[in-house]
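First the structure, in the form of structure tokens, and then the observations on it.
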Amino acid sequence: MPEITRDTYADVNAHAIDGWNSQGWEWGTPLSHEEYLEARQGEWRMLLTPTKPVPREWYPSDLSSLRVLGLASGGGQQMPVFAALGARCTVFDYTPSQLESERMVAEREGYEIEIVRGDMSRPLPFADGEFDLIFHPVSNCYIEEVKPLWRECHRILKPGGRLLAGMDNGFGYVFDYPEEERAVYSLPFNPLKNPDHMEALDPVEDGIQFSHTLEEQIRGQLQAGFQLVDCYEDTYGEGRLHDLNIPTFWATYAVKGVRRIAT
């Protein structure tokens, strides 16, 4: 395999995720027709992290005609629910098979969705204040720098707009996988800077992944101008860390404020 660099790792990750989807990846399995109909009747839930549903109070009480961006949220799981609730949806993702699932579900259920392929490590191709809500499930572990992403989220949200985000807290990257019995890797986990970390990954099977700190994730949102409203922790749902009830994910509900904190 050619050398993996900052300019090429997004393509490596897209190829890896396409491979996972070909094997029935949980997070790439689209919503069924029955689940879509249930959502239209008010029976629905969505996940930002592996196991805990997002609290209903995190969503606007009426999503009709609101502009919703599914950020790295392809796969046909969340956007169909938002569409069933009347939102005007855009999905932004870099993995072709994830976007194809979005297209398939929209055609099956007869709703419109804007589908945009792009790399979230770069400036987002949307206008200032374009969206009312951004739904961003765990995925920024596949980009090296997250603070620029938070600034872009702040830019494209309307004043008072909501950012609902799921994040890997980085703790799981310390342990041997899949046993999760020994702490073997240093943090931050960054294969582009640490050869030991690159050696721990199979780019074809694992993609290129990065750990991020509380300062990058939570403080990064605050520095971008968001106001934190609520949060919770979650586990992976399986494995030894889950069995020990050790949280490895965060979810946050933040709103766009009027000021950015100087950094």
Donor on one side chain, acceptor on other, [X] and [Y], under 3.5 Å:
{"X": "D176", "Y": "Y185", "result": "no"}
{"X": "S64", "Y": "D62", "result": "yes"}
{"X": "Q217", "Y": "N140", "result": "yes"}

Taking the side chain as every heavy atom from C-beta outward, state whether [X] and [Y] have any atom pair closer than 4.5 Å.
{"X": "H197", "Y": "S186", "answer": "yes"}
{"X": "F82", "Y": "L133", "answer": "yes"}
{"X": "W150", "Y": "L163", "answer": "yes"}
{"X": "L47", "Y": "D234", "answer": "no"}

First locate atom [atom1] of [X], then atom [atom2] of [Y], and finally report the distance between them rounded to the nearest 0.5 Å.
{"X": "S73", "Y": "Q98", "atom1": "OG", "atom2": "CD", "value": "9.0 Å"}
{"X": "E102", "Y": "I115", "atom1": "CD", "atom2": "CD1", "value": "6.5 Å"}
{"X": "E130", "Y": "K158", "atom1": "CD", "atom2": "NZ", "value": "9.0 Å"}

- Would you kindly confirm whether M120 and V138 end up in one hydrophobic cluster when ILVMFWY residues are joined by side chain heavy atoms under 4.5 Å apart? no
- Please check if L149 and V116 belong to a single hydrophobic cluster, counting links between Ile, Leu, Val, Met, Phe, Trp and Tyr side chain heavy atoms closer than 4.5 Å. yes
Ring centres of [X] and [Y] under 6.0 Å apart?
{"X": "Y177", "Y": "Y173", "value": "no"}
{"X": "F92", "Y": "F126", "value": "yes"}
{"X": "Y236", "Y": "H242", "value": "no"}

- Tell me whether the guanidinium CZ or amine NZ of R56 lies under 6.0 angstrom from the six-membered ring centre of W44 and within 45° of its axis. yes
- Mind checking what makes side-chain contact (heavy atoms from CB on, under 4.5 Å) contact with E205, not counting sequence neighbours? D202
- Item | Evaluation steps, salt bridge (charged side-chain N to carboxylate O under 4.0 Å, His left out), between R67 and D132 | CA-CA 5 Å; R67 290 293 309 276; D132 298 285; over 6 Å; no
- Y59 and F135 aromatic ring geometry - parallel, tilted or perpendicular at 30°/60° bounds: parallel
- Show your reasoning for whether side-chain hydrogen bond (donor to acceptor under 3.5 Å, both in side chains) applies to T5 and D7. CA-CA 5 Å; T5 69; D7 294 325; 4.6 Å; no
